[in-house]
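To keep things clear, I will list the structure first and then write my remarks on it.
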Amino acid sequence: MTAATFADRLLRWQRQHGRHDLPWQNTRDAYRIWLAEIMLQQTQVASVIPYYQRFLAHFPELARLAAAPLEEVMPLWSGLGYYARVRNLHRCAQEIMSRHGGEFPRDPEAIARLPGIGRSTANAIAVFAFGIRAPILDGNVKRVLCRSHGVDGFPGTAAVEQRLWQLAEELLPARAADCSRYIQAQMDLGATLCTRGKPACADCPLNDICIARRDGRVNELPQPRPRKALPQRSLRVLLLHDGERWLFERRPPHGIWGGLLSLPEVAADEDVQQKLDALACAAAELQALAPLRHSFTHFHLTLQPLLAAVKPLPQLAESGRYRWLTPMELADAALPTPIRKIVQEALATAATVTQGCD
DNA sequence: AAGCCGGGGTG
DNA sequence: CACCCAGGCTT
């Protein structure tokens with residue numbers, strides 16, 4: 001009788017304590033698994049579930065997604081973040097239709113060549129949809145492996161990451177049929193027991209072989225990212241309404257909030273009147289609303305909203321770039337979260353002002 | 001190797 | 001506030 005392997009322990013644990021009720025778990029439909037995996041990139045399960053359900057209700061199959069214009073897809077991602085994912089998702093769907101005959105490729109290397117899909121996501125799709133034997137390396141797996149095998153160094157560096165991929169390969173169960181449950185077990189363990197904050201080592205199936213636990217280093221591994229001070233930026237945004245509709249501006253396809261609708265911005269070195277002129281709007285009075293602070297991965301942003309009732313001049317034709325939206329239409333518009341918050345605030349303020357005038 | 005790309009949860 | 005999450009792409 002040989003000792004239980006790493007994979008054995010996880011597989012045994014998964015049967016009793018793993019998750020079994022996630023919406024994308026009870027399917028082998030590559031389209032659904034792919035959609036879930038893209039949404040789950042750098043995004044927690046609880047945040048994804050409602051977006052996943054809503055997306056699938058709008059686009060139940062890949063062909064429908066590929067045929068839809070991007071503007072119809074973006075709103076379904078509004079609020080989820082990392083909007084390059086939805087642009088890549090859409091491109092990906094079109095590539096699968098045009099270059100793969102509408103069938104999702106089965107080879108992990110072919111999957112990884114699709115836009116927005118790297119090695120880990122490609123392997124996850126291949127494992128869950130096609131039962132292929134391959135490792136993944138997401139945040140959960142990295143944390144579990146760093147602790148169980150005592151891997152030092154920040155996992156973002158190439159050397160550490162290479163070591164982790166090597167470990168992930170070596171520890172894979174021998175049978176391809178066990179792989180999907182094994183991968184699921186790794187992620188479940190990382191999400192529920194081997195968490196960043198207070199890991200529940202007492203309940204962990206690996207606690208008697210865990211190097212970090214043996215050495216009293218559970219709280220030191222994995223080693224955190226070397227931190228640096230984030231720059232501080234500020235931005236004025238215009239809340240312009242004509243009494244019924246509000247003015248929005250489409251952001252360029254790349255960069256922050258790429259492709260989403262946002263509010264017209266007044267650059268730091270720009271005059272508000274100058275911007276109003278550019279927008280062909282005449283405003284009687286500007287009202288500063290409460291500033292909103294928002295943090296990104298790489299900088300902090302303070303948004304200063306400026307509210308004004310305007311008379312739109314005919315020069316500003318509604319186009320792909322500028323759109324006037326009613327409060328009703330806002331619900332289905334592709335807005336980033338901080339902008340949505342500001343607009344909600346403004347709607348409340350404008351309603352109050354209007355009532356006060358009556 | 002480092003920067004860019006969101007929003008939310010956690011301690 | 002720091003840190004991280006079912007990462008990948010660009011420079």
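Reminder, nothing fancy here: chain letters follow the sequence lines and each chain counts from 1.
Between the side chains of A/Gln162 and A/Gln166, no donor N or O sits under 3.5 Å from an acceptor N or O. For the residue pair A/Arg32 and A/Gln25, no side-chain donor N or O sits within less than 3.5 Å of a side-chain acceptor on the partner. Side-chain N/O atoms of A/Asn88 and A/Arg91 include a donor and acceptor closer than 3.5 Å.
Both A/Gly197 and A/Thr337 lie near DNA chain B, and the one whose nearest nucleotide falls closer to the 5' end is A/Thr337. If you find the closest nucleotide of DNA chain C to A/Ala36 and to A/Gly116, the one lying nearer the 5' end belongs to A/Ala36.
Remark: P of C/dC3 and CG of A/Leu230 are 10 Å apart, rounded to the nearest angstrom. Atom pair A/Trp34:CH2 and C/dG7:P shows a separation of 18 Å (rounding to whole Å applied). Remark: C1' of C/dC3 and NE2 of A/His298 are 17 Å apart, rounded to the nearest angstrom. Atom CG in A/Leu89 sits roughly 16 Å away from atom C1' in C/dC9 (whole-Å rounding). A straight line from CZ of A/Arg293 to C1' of C/dC1 spans 10 Å, rounded to a whole angstrom. Atom P of nucleotide C/dC5 and atom CD of A/Glu37 are separated by 15 Å, given to the nearest angstrom. In this structure, A/Tyr82 atom OH and C/dC5 atom P are separated by 11 Å, rounded to whole Å. Rounded to whole Å, atom P of C/dC5 lies 14 Å from atom CZ of A/Arg85.
Residue A/Ala158 is classed as a sugar-phosphate contact, given heavy-atom separations below 4.0 Å to backbone atoms only. The residue A/His254 sits apart from the nucleic acid: no heavy atom pair falls under 4.0 Å. Using a 4.0 Å heavy-atom cutoff across all strands shown, A/Gly156 reaches no nucleic acid atom at all. When heavy atoms are screened at a 4.0 angstrom cut-off, A/Leu301 is found touching no nucleic acid atom at all. Residue contacts for A/Ile117: at a heavy-atom cut-off of 4.0 Å it reaches the sugar-phosphate backbone alone, with no base atom in range. Across all strands shown, A/Gly79 has heavy atoms under 4.0 Å from sugar-phosphate atoms exclusively, and none from any base. Using a 4.0 Å heavy-atom criterion, one finds that A/Trp24 contacts the bases of the nucleic acid, with or without backbone contacts as well. Note on A/Lys142: nothing from the nucleic acid sits closer than 4.0 angstrom, heavy atoms only. Within the 4.0 angstrom heavy-atom criterion, base atoms lie near A/Gln184.
In this structure, the side chain of A/Arg340 engages the main chain of A/Ala333 through a donor-acceptor pair within 3.5 Å. Although no hydrogens or angles enter the test, the distance criterion places a donor-acceptor pair under 3.5 Å between the side chain of A/Ser148 and the main chain of A/Val144.
Screening A/Leu238, A/Asp242, A/Leu239, A/Leu240 for a side-chain contact (heavy atoms from CB on, under 4.5 Å) with A/Leu247, the sole residue that qualifies is A/Leu240.
Look at A/Thr121 and you'll find a side-chain N or O under 4.0 angstrom from OP1 or OP2 of C/dG8. For A/Arg227, a side-chain nitrogen or oxygen approaches OP1 or OP2 of C/dA2 to under 4.0 Å.
Checked against the 6.0 Å centroid threshold, A/Phe59 and A/His90 do not count as a close aromatic pair.
Taking 3.5 Å as the limit, the base of C/dC3 and the side chain of A/Arg196 contain a donor-acceptor pair of atoms between them.
Taking the C1' atom of each, C/dC5 and B/dA1 are spaced 22 Å apart, rounded to whole Å. Atom P of B/dG6 sits at a distance of 16 Å from the matching atom of C/dT11, rounded to the whole Å.
Seen from the ring of A/Trp165, A/Arg119 counts as a face-on cation partner, given the 6.0 Å and 45° thresholds.
Between A/Phe55 and A/Trp77, the angle of the ring planes goes over 60°, which puts this pair in the perpendicular group of the 30/60° scheme. Classified by interplanar angle (parallel below 30°, tilted 30° to 60°, perpendicular above 60°), the ring pair A/Trp257/A/His294 is tilted.
Residue A/Glu109 qualifies as open at atom CD: its count of foreign heavy atoms under 6.0 Å is 12 or below.
When DNA chain B is scanned in the 5' to 3' direction for atoms under 4.0 Å from non-hydrogen atoms of chain A, the outermost contacting nucleotides are B/dA1 to B/dT10.
Interface residues of residues 43-60 of chain A facing DNA chain B, ordered by number: A/Thr43, A/Gln44; criterion, heavy-atom separation under 4.0 Å.
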